[in-house]
Amino acid sequence: QVQLVESGGGLVQAGGSLGLSCAASGSIYSINDMGWFRQAPGKQRELVAKITTSGARNYADFLKGRFTISRDYAKNTVYLQMNNLKPEDTAVFYCNARIRERLSAPVRDYWGQGTQVTVSS
């Protein structure tokens, strides 16, 4: 019943920027962590960034300050602004959220369908 929908992926030249958006909808009582993972062909899925409900942020070291994660708590939406993109950033980016559907339910992980980010050299 919970759904995460990403948008904003696409093709961009090296050095360009993209902004990703992920909106959670459905039966949601509360959301704690929201974040972004990415997976390139032949590689493991890896954490890009996450943000908690209190606003604490964590970034992967490989970002080198290029990405910014933010969150609209009222809209259950998380964003990822990506600047100075590099070819090695090419991957499917997945939205992730830890959500409690109702008070009696445990917190569970939910995933979006993924959005392709391709950075050309």
>> Please check this pair: side chain of R57 against backbone of I51, looking for a donor-acceptor N/O pair closer than 3.5 Å.
In response: no

> Who are the salt bridge (Lys or Arg N to Asp or Glu O under 4.0 Å) partners of E88, not counting sequence neighbours?
Replying inline: none

> Is a side-chain N or O of Y94 found less than 3.5 angstrom from the main chain of G35, in a donor-acceptor match?
Replying inline: no

> Do K50 and M34 pass the side chain to side chain contact (heavy atoms under 4.5 Å, CB included) test, and can you show the C-alpha distance, the side-chain angles, and the key distance before you say yes or no?
Replying inline: CA-CA 6 Å; K50 67 176 181 179; M34 299 188 80; over 6 Å; no

>> Under a 3.5 Å distance rule, please check whether N96 uses its side chain to pair with a backbone N or O of Y110 as donor and acceptor.
In response: yes

> Do the non-hydrogen side-chain atoms of L80 and L18 ever get within less than 4.5 Å of each other?
Replying inline: no

> Is a side-chain N or O of R38 found less than 3.5 angstrom from the main chain of V48, in a donor-acceptor match?
Replying inline: no

> Looking at side-chain heavy atoms only, is the closest gap between S30 and I99 below 4.5 Å?
Replying inline: no

> Are any non-hydrogen side-chain atoms of Y73 and I31 less than 4.5 angstrom apart?
Replying inline: no

> Would a distance-only check, ignoring hydrogens and angles, find a side-chain to backbone donor-acceptor pair under 3.5 Å from S21 to S7?
Replying inline: no

>> If you define the side chain from C-beta out and look only at heavy atoms, does anything of I28 sit under 4.5 Å from N76?
In response: yes

> For the residue pair A24 and L4, what are the closest heavy atoms and their distance?
Replying inline: CB-CD2, 3.2 Å

> Backbone N or O of A105 within a donor-acceptor pair of the E101 side chain at under 3.5 Å?
Replying inline: no

>> Closer than 3.5 angstrom, by distance alone: can the side chain of E6 be matched with the main-chain N or O of Q113 as a donor-acceptor pair?
In response: yes

> Backbone N or O of K75 within a donor-acceptor pair of the T77 side chain at under 3.5 Å?
Replying inline: yes

>> Just to verify, what does F37 make a ring pair (Phe, Tyr, Trp, His ring centres under 6.0 Å) with, not counting sequence neighbours?
In response: W111

> Stepwise, does the salt bridge (charged side-chain N to carboxylate O under 4.0 Å, His left out) test hold for R98 with D109?
Replying inline: CA-CA 5 Å; R98 292 182 56 79; D109 279 303; 3.3 Å; yes

